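The block underneath contains the structure these notes are about, expressed in structure tokens.
Everything numeric in this text was worked out from a predicted model, so none of it was measured. Values below: all heavy atoms of this structure, side chains included; hydrogens, waters and symmetry mates excluded. Numbers here are sequence positions counted from 1.
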Amino acid sequence: MIRSILLTAFFMASGTVFSQNLKTVSYQDGSQKLNGLVTSNAGKKLPGVLILPAWKGIDDEAKTAAIELEKQGYVAFIADIYGEGNIPTDSDSAAKTSGYYKKNYDAYQKRISLALEQLKKNGAISDKIAVIGYCFGGTGALESARGNLPVVGVVSIHGSIGKDQTRKNGLISTKILVENPADDKGVTPEDFNNLIKEMNEGNADWQIITYAHSKHTFTDPKSPDYNPVMAKRAWNHTLMFLKEILK
């Protein structure tokens with residue numbers, strides 16, 4: 001009972017922080033309305049970080065990351081990939097919707113590009129922008145690199161790293177950090193080896209960090225997979241990478 005009360009109080013407090021520090025930004029992809037979130041330092045000329053959320057859309061993990069990045073001196077923008085009226089309500093719909101964008105990667109890259117434009121409009125220095133993504137968003141971070149979108153670096157955090165092998169590997173100018181949980185059942189040895197091959201053939205500046213005793217959503221405090229020790233290390237690695245490439 002006490003634990004339940006404490007959790008309720010925590011999430012109520014978190015909601016208050018989010019509402020105070022994050023502002024909704026509406027933008028368009030044709031007739032589709034998109035609703036992203038930007039940090040309260042919007043408008044200041046600062047390095048920028050685009051956050052790509054997990055498969056159910058904008059969540060507390062993405063919001064927490066944005067607020068923490070603002071504290072580090074970045075303008076952060078959380079992308080809306082799915083659009084108003086299309087946010088998944090359960091895991092089945094999330095799998096179907098995210099699967100569409102994984103297959104139709106050009107549509108995913110377009111939605112990321114539109115969010116990058118909003119990040120720039122909200123103050124991010126155009127040549128000092130990076131992308132980080134969680135889960136489905138981690139896939140998007142890699143698609144940002146594959147599409148050579150105008151960012152200097154990407155971080156894929158427990159993302160799906162596999163790629164349709166009928167797609168040709170191309171040059172990759174973007175620096176890449178992959179944060180991979182060792183016990184992620186969604187990542188096969190073949191996926192892992194193919195990604196290394198892709199990055200090497202693309203002459204990319206890349207690094208993969210694997211976190212021991214960690215399952216898929218190891219960085220999310222709401223997940224049963226949460227590993228607080230490894231999650232903290234992963235976040236510190238993210239900050240170190242962003243500092244190196246953006247400051």
**OP:** Check whether Leu119 and Val154 end up in the same hydrophobic cluster, where Ile, Leu, Val, Met, Phe, Trp and Tyr are linked by side-chain heavy atoms less than 4.5 Å apart.
**Re:** yes
Subject >> Inter-residue atom distance Met199.CE - Asn194.CG, 0.5 Å rounding >> reply: 11.0 Å
**OP:** Check Ile157, Ile132, Thr219 against Glu179 for a side chain to side chain contact (heavy atoms under 4.5 Å, CB included) and give me the one that passes.
**Re:** Ile157
Subject >> Sub-4.5 Å side-chain heavy-atom contact between Asn203 and Ile172 >> reply: no
**OP:** Identify the two heavy atoms, one from Gly48 and one from Ala124, that lie closest to each other, and give their separation to 0.1 Å.
**Re:** CA-CB, 3.7 Å
Original post:
Nearest heavy-atom pair of Ala115 and Ala79: which atoms, and what distance?
Top reply: CB-CB, 3.5 Å
**OP:** Would you please test Lys222 and Glu61 for salt bridge (charged side-chain N to carboxylate O under 4.0 Å, His left out) and show each step?
**Re:** CA-CA 9 Å; Lys222 290 185 176 181; Glu61 185 170 26; over 6 Å; no
Subject >> Sidechain-backbone polar pair: Asn148 side chain, Leu171 backbone, donor-acceptor under 3.5 Å >> reply: yes
Subject >> From CD1 (Ile161) to CD (Glu198), nearest 0.5 Å >> reply: 10.0 Å
**OP:** May I ask you to test the Lys120-Pro150 pair for a side-chain heavy-atom distance under 4.5 Å?
**Re:** yes
**OP:** State the CH2-CG distance between Trp206 and Leu195, to the nearest 0.5 angstrom.
**Re:** 8.0 Å
Subject >> Quiz item: cation-pi between Arg233 and Tyr211, 6.0 Å / 45° >> reply: no
Subject >> Donor-acceptor contact present, side-chain Asp29 to main-chain Leu34, <3.5 Å >> reply: no
Subject >> Heavy atoms from other residues, nucleotides or ligands near NZ of Lys215 exceed 12 (cutoff 6.0 Å) >> reply: no
Original post:
Any salt bridge (charged side-chain N to carboxylate O under 4.0 Å, His left out) pairs touching residues 79-102, not counting sequence neighbours?
Top reply: Lys33-Glu84
Original post:
Atom OG1 in Thr174, atom CG in Asp205: separation rounded to 0.5 Å?
Top reply: 10.0 Å
Original post:
What is the distance from atom CD1 of Ile176 to atom OG of Ser156, rounded to the nearest 0.5 Å?
Top reply: 9.0 Å
Original post:
In terms of heavy-atom contacts, does CD of Glu190 have more than 12 from other residues, nucleotides or ligands at under 6.0 Å?
Top reply: no
Original post:
Do Phe218 and Tyr226 share a hydrophobic cluster (ILVMFWY, side-chain heavy atoms under 4.5 Å, transitive)?
Top reply: no
Subject >> Within-4.5 Å side-chain heavy-atom neighbours: Ile81 and Ile112 >> reply: yes
**OP:** Report the C-alpha separation of Glu70 and Ser40 in whole Å, then their side-chain angles, then the decisive distance to 0.1 Å, and conclude whether the side chain to side chain contact (heavy atoms under 4.5 Å, CB included) test is met.
**Re:** CA-CA 8 Å; Glu70 179 179 4; Ser40 63; 2.5 Å; yes
Original post:
Between CG of Leu242 and CE of Met240, what distance do you get to the nearest 0.5 Å?
Top reply: 10.5 Å
Original post:
Just by modelled atom types, is the Asp191 backbone N or O under 3.5 Å from a matching donor or acceptor in the Thr188 side chain?
Top reply: yes
Subject >> NZ or CZ of Lys247 within 45° of Tyr74 ring axis and under 6.0 Å >> reply: yes
Subject >> Min side-chain heavy-atom separation Ile129-Val152 under 4.5 Å >> reply: no
**OP:** Check the pair Asp225 / His216 against side-chain hydrogen bond (donor to acceptor under 3.5 Å, both in side chains), numbers first and verdict last.
**Re:** CA-CA 7 Å; Asp225 294 347; His216 177 54; over 6 Å; no
Subject >> Residues Ser91, Lys56; criterion side chain to side chain contact (heavy atoms under 4.5 Å, CB included); working and verdict >> reply: CA-CA 7 Å; Ser91 295; Lys56 288 186 179 179; 3.6 Å; yes
**OP:** Examine the side chains of Thr24 and Asn35 and answer whether a donor and an acceptor come within less than 3.5 Å of each other.
**Re:** no
**OP:** Dump the intermediate steps for side chain to side chain contact (heavy atoms under 4.5 Å, CB included) on Trp55 and Tyr82, then the final yes or no.
**Re:** CA-CA 10 Å; Trp55 69 340; Tyr82 299 142; 4.1 Å; yes
Original post:
Using 4.0 Å as the upper bound for N to carboxylate O, is an ion pair formed by Glu244 and Lys128?
Top reply: no
Subject >> Heavy-atom closest contact (Gly153 atom, Ile245 atom, distance) >> reply: CA-CD1, 3.6 Å
**OP:** Please check if Leu246 and Leu52 belong to a single hydrophobic cluster, counting links between Ile, Leu, Val, Met, Phe, Trp and Tyr side chain heavy atoms closer than 4.5 Å.
**Re:** no
**OP:** Begin from the C-alpha positions of Lys243 and Gln72 and carry the test side chain to side chain contact (heavy atoms under 4.5 Å, CB included) through to its verdict.
**Re:** CA-CA 9 Å; Lys243 183 177 180 180; Gln72 298 294 322; over 6 Å; no
**OP:** Would you check if there is a donor-acceptor pair between the side chains of Asn169 and Lys163 at a distance under 3.5 Å?
**Re:** yes
**OP:** State plainly whether one hydrophobic cluster holds both Tyr100 and Tyr108, where clusters connect Ile, Leu, Val, Met, Phe, Trp and Tyr through side-chain heavy atoms under 4.5 angstrom apart.
**Re:** yes
Original post:
If you take all heavy atoms of Gly36 and Phe77, which pair is closest and at what distance?
Top reply: CA-CZ, 3.8 Å
Original post:
What are the two closest heavy atoms between Thr97 and Asn86, and how far apart are they?
Top reply: CG2-O, 4.4 Å
**OP:** Could you please spell out the steps behind the salt bridge (charged side-chain N to carboxylate O under 4.0 Å, His left out) verdict for Glu143 and Arg167?
**Re:** CA-CA 12 Å; Glu143 286 299 340; Arg167 292 171 63 185; 2.9 Å; yes
Distance-only donor-acceptor hits, side chain of residues 134-141, under 3.5 Å, sequence neighbours excluded:
residue: Thr139; atom: OG1; partner: Ser160; partner atom: N; Å: 3.3
residue: Thr139; atom: OG1; partner: Ser160; partner atom: O; Å: 3.1

**OP:** Establish whether Val155 and Ile208 are linked, either directly or via other cluster members, by ILVMFWY side-chain heavy-atom contacts under 4.5 Å.
**Re:** no
Subject >> Close side-chain approach of Asn122 to Asn41, heavy-atom, < 4.5 Å >> reply: no
Original post:
Side chain of Asn104, backbone of Ala107: donor and acceptor closer than 3.5 Å?
Top reply: no
**OP:** Taking the side chain as every heavy atom from C-beta outward, state whether Leu22 and Thr39 have any pair of such atoms under 4.5 Å apart.
**Re:** yes
**OP:** Compare every heavy atom of Lys63 with every heavy atom of Ile58, then report the nearest pair and how far apart it is.
**Re:** CG2-CE, 3.9 Å
Original post:
Are any of the side-chain nitrogens in Glu201 or Lys197 under 4.0 Å away from the carboxylate oxygens of its partner?
Top reply: yes
Original post:
Would you call Lys175 and Phe241 a side-chain contact if the rule is heavy atoms closer than 4.5 Å?
Top reply: yes
Subject >> Asp183 and Ser214 side chains, donor-acceptor separation under 3.5 Å >> reply: no
